[in-house]
Amino acid sequence: MRKLLLTIPAVMLFAAPAMSEEKIELTEEQQTMLDKRLEGRTAGEPRSCINGNDQRNMTVISDDILIFGSSRNARTIYVNKPYGGCRNADRNILVYSRPTSSLCKGEIIRLVDNHSGITMGSCSFGEFVPYTKDAD
């Protein structure tokens with residue numbers, strides 16, 4: 001039994017990268033919206049957390065892609081791909097609480113129905129990949 005308990009976390013660790021490499025299918029409209037937001041930007045190294053200022057503006061591109069920034073036209077925006085996706089993220093209110101001012105991967109997002117206020121599910125944040133506007 002003890003070996004099984006030690007094996008489960010190891011298996012989950014090795015499975016996590018596979019989940020983040022899943023092929024994401026976007027509609028034409030979603031792809032256009034994503035392309036527009038990333039146009040003229042270069043991806044940086046993924047981060048585990050973003051600060052409070054960079055959480056002010058969140059855009060749901062799809063169930064699999066969320067974008068954060070200090071404003072809609074921020075110099076740097078952060079693309080987050082929740083682990084396993086966040087089903088119906090575009091149709092629900094995304095609620096998350098932060099133990100600190102930072103927002104970090106692994107933190108839980110609750111999906112709350114717009115009309116009834118009932119929690120419809122949950123998912124968790126992946127890494128935050130910065131995309132910075134190229135110098136003119």
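Only a predicted model underlies this, so the values are computations on that prediction, with no experimental measurement involved.
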State, without any angle test, whether [X] and [Y] hold a side-chain donor-acceptor pair at a distance under 3.5 Å.
| X | Y | value |
| --- | --- | --- |
| S116 | D113 | yes |
| R110 | S122 | no |
| S71 | N57 | no |
| T76 | T132 | yes |

### Message
Between C86 and L111, does the side-chain contact (heavy atoms from CB on, under 4.5 Å) criterion hold? Intermediate values first, please.
### Response
CA-CA 8 Å; C86 213; L111 291 109; 3.7 Å; yes
How far does [atom1] of [X] sit from [atom2] of [Y], to the nearest 0.5 angstrom?
| X | Y | atom1 | atom2 | value |
| --- | --- | --- | --- | --- |
| R56 | F68 | CZ | CZ | 14.5 Å |
| E127 | K81 | CD | NZ | 11.0 Å |
| Q31 | E25 | CD | CD | 10.5 Å |
| I50 | S102 | CD1 | OG | 8.5 Å |
| E39 | L34 | CD | CG | 11.5 Å |
| F125 | E107 | CZ | CD | 7.5 Å |

Minimal non-hydrogen separation, [X] against [Y], with atom names:
| X | Y | value |
| --- | --- | --- |
| S124 | G106 | CB-O, 3.7 Å |
| K133 | R41 | CE-NH2, 3.3 Å |
| A43 | V129 | CB-CG1, 4.3 Å |

Would a single hydrophobic cluster contain both [Y] and [X], if residues Ile, Leu, Val, Met, Phe, Trp and Tyr are joined by side-chain heavy-atom contacts under 4.5 Å?
| X | Y | answer |
| --- | --- | --- |
| L94 | I108 | no |
| M120 | L66 | no |
| M58 | I93 | no |
| V60 | F128 | yes |
| M33 | I77 | yes |

### Query
In chain order, what residues pass the side chain to side chain contact (heavy atoms under 4.5 Å, CB included) check against Q30, with sequence neighbours excluded?
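Side chain to side chain contact (heavy atoms under 4.5 Å, CB included) check on Q30 returns L26, T27, I61, S62.
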### Query
Residues in side chain to side chain contact (heavy atoms under 4.5 Å, CB included) with D63, at least two apart?
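D63 satisfies side chain to side chain contact (heavy atoms under 4.5 Å, CB included) with R87, A89, D90 only.
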### Query
Taking the side chain as C-beta and beyond, is there a heavy-atom pair between R91 and N114 under 4.5 Å?
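No, their side chains stay 4.5 Å or more apart.
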### Message
Would you say that K105 contacts Y83 through its side chain, given a criterion of any heavy-atom pair below 4.5 Å between the two side chains?
### Response
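Sidechains of Y83 and K105: in contact.
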### Message
Determine whether a donor-acceptor pair (N or O, by modelled atom type, separation under 3.5 Å) exists between the side chain of N80 and the backbone of G126.
### Response
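Confirmed, N80 side chain pairs with G126 backbone.
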### Query
Any sub-3.5 Å donor-acceptor pair from N51's side-chain atoms to D54's backbone N or O?
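Side chain of N51 to backbone of D54: a pair is present.
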### Query
Between V95 and I109, is a side-chain contact (heavy atoms from CB on, under 4.5 Å) present by the stated rule, with each step listed?
CA-CA 6 Å; V95 178; I109 309 162; over 6 Å; no
### Query
Taking it one step at a time, do D64 and I24 satisfy side-chain contact (heavy atoms from CB on, under 4.5 Å)?
CA-CA 7 Å; D64 300 297; I24 295 174; 3.7 Å; yes
### Task
Begin from the C-alpha positions of V79 and Y131 and carry the test side-chain contact (heavy atoms from CB on, under 4.5 Å) through to its verdict.
CA-CA 7 Å; V79 174; Y131 282 81; 3.6 Å; yes
